[in-house]
Amino acid sequence: MPDDPAYQQEIIQAHDDALAGGGAGYLDPRTGLFVLSARFLAARGTCCGRGCRHCPYVK
């Protein structure tokens, strides 16, 4: 996650909004890239190994 605390808060809020809305993910507030939510990634059942921001399988 980026080191900027304000950016971290933006990411957390966007992720929380996606979870609340039942979405698979959200648009990163600064880059505009689509980021998958932890819920979506967990439903996949395994880690894909791509270093997803909200991967629930991180060791």
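Numbering of residues begins at 1 and proceeds along the displayed sequence.
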For residues 30-43, run the donor-acceptor check on the side chains, cut-off 3.5 Å, and write out each pair with its distance to 0.1 Å, sequence neighbours left out.
unit_1, atom_1, unit_2, atom_2, d
R30, NE, E10, OE2, 3.2
R30, NH1, D4, OD2, 3.0
R30, NH2, D4, OD2, 3.4
R30, NH2, E10, OE2, 2.7
T31, OG1, D28, OD1, 3.2
T31, OG1, L33, N, 3.2
S37, OG, A24, O, 3.3
S37, OG, F40, N, 3.1
R39, NH1, L19, O, 3.0

Requested in this report: Output every pair passing salt bridge (charged side-chain N to carboxylate O under 4.0 Å, His left out) with a member in residues 11-22, not counting sequence neighbours, ordered by first then second residue.
Outcome: none
Query - Geometric class of the H15/H54 ring pair [parallel <30°, tilted 30-60°, perpendicular >60°] - result: parallel
Query raised in the report: Taking it one step at a time, do Y57 and R44 satisfy side-chain contact (heavy atoms from CB on, under 4.5 Å)?
Result: CA-CA 11 Å; Y57 302 104; R44 293 173 78 181; 5.6 Å; no
Query raised in the report: Quick one: are P29 and Y7 in side-chain contact, heavy atoms under 4.5 Å?
Result: yes
